[in-house]
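First up is the structure itself, then whatever we jot down about it.
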Amino acid sequence: MLYAGIAWNADGYQVEVVDADGGRAMDPTHWGAERVPELTRWLGGEGRQPQDPCAVVLESTNGLVDGLLTAAGLDVYRADPHHLGARPDFGSVPALALAELARTGRAALAPLTAEGGGQSGRDADYHDGIRRAAPVETRLTEAGRCFRHGPRERRDIALTFDDGPDPRHTRQVLDILARYDVRATFFCVGLHVRALPDEVRRIVDAGHGLGNHTWSHPFLPDLTARQFRLQLDRTSEAFDRAVGQVPDVFRPPYGARTPETLTALLDSGPALALWDVDSWDWARPGPERITRTVLDHAGPGSLILMHDGGGDRHQTVEALPAVIEGLLARDLRFVRADELAGLPDRR
Ligand SMILES: [Zn+2]
């Protein structure tokens with residue numbers, strides 16, 4: 001058995017692998033975010049020596065790779081702050097510390113599954129954060145800077161795709177949207193924007209909207225105010241470098257909120273875009289089920305959550321034509337999320 005730790009930083013992922021005695025089993029490796037599919041195969045044994053199976057540990061501030069790793073059948077665990085030493089303001093603890101935790105402390109960690117999602121086992125912290133954030137959320141809503149849907153009296157609707165851009169699925173989603181000539185919004189993560197700027201350019205050139213979805217898809221209750229600010233700002237900077245524009249909408253990973261994070265949005269920064277229709281596509285229930293879930297719940301003003309990145313999104317791609325056709329048949333008009341919310345056009 002081998003033990004791997006995956007850390008994230010400003011330019012991708014660092015991976016360390018130790019053996020049963022805690023010695024380095026191989027040299028540390030660096031992976032750009034565009035290479036996560038390849039990293040998944042490598043951790044599965046492809047192209048590495050020794051080829052022994054790996055138990056993998058990643059942090060609760062790294063919510064982008066677990067989807068592919070668990071779908072590939074790997075043994076994946078999430079380490080939460082109380083398992084770890086101090087973390088830098090931007091980045092995770094070193095990969096070697098996570099690999100060592102995989103070797104010695106797995107029993108105390110949360111095992112992740114494809115069905116359970118990256119934040120499984122953290123329900124109490126999730127709901128506590130939302131409850132504590134409620135007063136700030138009310139202030140944001142009153143200022144017109146927090147929304148779950150648009151006006152119900154118009155026939156506007158917004159499709160949104162989170163966790164991309166993705167080297168395979170974003171282009172497939174864009175092709176389908178182009179086929180029907182409809183607009184959508186892509187809530188991208190900074191790690192992927194940095195790694196795949198051409199895909200972001202493709203999104204913008206096709207007239208779609210952009211949203212900020214943090215840098216590394218962290219579980220927000222585990223961040224300090226400063227750590228959150230850096231997740232937000234570094235992602236905006238990556239967008240600016242890629243396409244010369246900064247999104248004016250933000251969506252928190254898993255929909256988590258805390259007073260610290262919402263306070264950061266209060267004075268400046270993007271508006272908070274939640275959703276009122278969850279397609280549940282991330283749980284891969286089958287394309288027919290995804291289509292039915294959306295069509296059963298969507299209506300005028302709906303803000304629909306889907307995913308083009310962060311895992312195997314074949315089912316989303318497969319469901320999308322039927323989703324669009326079903327909504328078009330109801331005479332609904334597809335707009336960007338910022339348009340749905342009536343935000344001023346700053347593009
Ligand atoms: Zn997400």
Side-chain angles (χ1 to χ4, degrees), residues 8 13 33 36 58-71 76 78 92 112-120 122-123 125-126 129-130 148 158-170 173 184-196 199-200 203 208-223 227-228 231-232 234-236 238-239 247 249-258 261-262 265 270-285 290 293-294 303-313 315-317 337:
W8 65 268
Y13 300 104
V36 171
L58 38 85
E59 267 204 38
S60 66
T61 60
N62 179 2
L64 293 169
V65 296
D66 58 286
L68 272 183
L69 298 182
T70 52
V76 186
R78 187 197 62 231
S92 57
L112 297 182
T113 62
E115 303 73 37
Q119 51 133 9
S120 58
R122 300 294 305 272
D123 287 2
D125 292 331
Y126 177 84
I130 288 176
R148 290 178 166 75
L159 272 181
T160 62
F161 296 92
D162 288 11
D163 301 358
D166 176 275
R168 296 163 302 167
H169 304 307
T170 301
V173 167
T185 304
F186 291 78
F187 287 86
C188 304
V189 284
L191 269 167
H192 292 184
V193 173
R194 184 193 153 93
L196 296 155
E199 298 303 313
V200 185
I203 291 169
H208 303 296
L210 293 174
N212 187 324
H213 196 43
T214 72
W215 184 267
S216 67
H217 211 274
F219 184 58
L220 294 186
D222 292 349
L223 298 193
Q227 287 167 342
F228 174 69
Q231 287 265 344
L232 204 60
R234 291 287 178 89
T235 303
S236 290
F239 273 117
V249 284
F250 164 75
R251 177 173 285 159
Y254 317 105
R257 284 93 82 195
T258 64
T261 55
L262 295 199
L265 301 175
L272 184 69
L274 299 167
W275 62 86
D276 68 338
V277 177
D278 186 349
S279 68
W280 283 83
D281 62 337
W282 60 269
R284 299 189 302 150
I290 294 169
T293 300
V294 174
L303 188 47
I304 301 166
L305 170 65
M306 301 183 85
H307 294 83
D308 65 323
D312 180 347
R313 304 305 181 207
Q315 293 189 1
T316 306
V317 170

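Start at 1 and go down the list; that is how both ligands and their atoms are numbered.
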Q | the Zn ion (ligand 1) neighbourhood, protein N/O/S only, threshold under 2.8 Å | A | D163 OD1, H213 NE2, H217 NE2
Q: Ignoring hydrogens and angles, tell me if any N or O in the side chain of R234 forms a donor-acceptor pair with the backbone of L232 under 3.5 Å.
A: no
(Q) I'd like to know if the side chain of D166 pairs up with that of H192 as donor and acceptor (distance under 3.5 Å, no hydrogens or angles considered). (A) no
Q: Would you please name every residue forming a salt bridge (Lys or Arg N to Asp or Glu O under 4.0 Å) with D162, sequence neighbours left out?
A: R251
Q: Would you please name every residue forming a side-chain contact (heavy atoms from CB on, under 4.5 Å) with S279, sequence neighbours left out?
A: D281, I290, V294, M306
**Q.** Set of residues satisfying salt bridge (Lys or Arg N to Asp or Glu O under 4.0 Å) with respect to R284, sequence neighbours excluded
**A.** D312
Q | Intermediate values then yes/no, side-chain contact (heavy atoms from CB on, under 4.5 Å), L58 and L112 | A | CA-CA 10 Å; L58 38 85; L112 297 182; 4.2 Å; yes
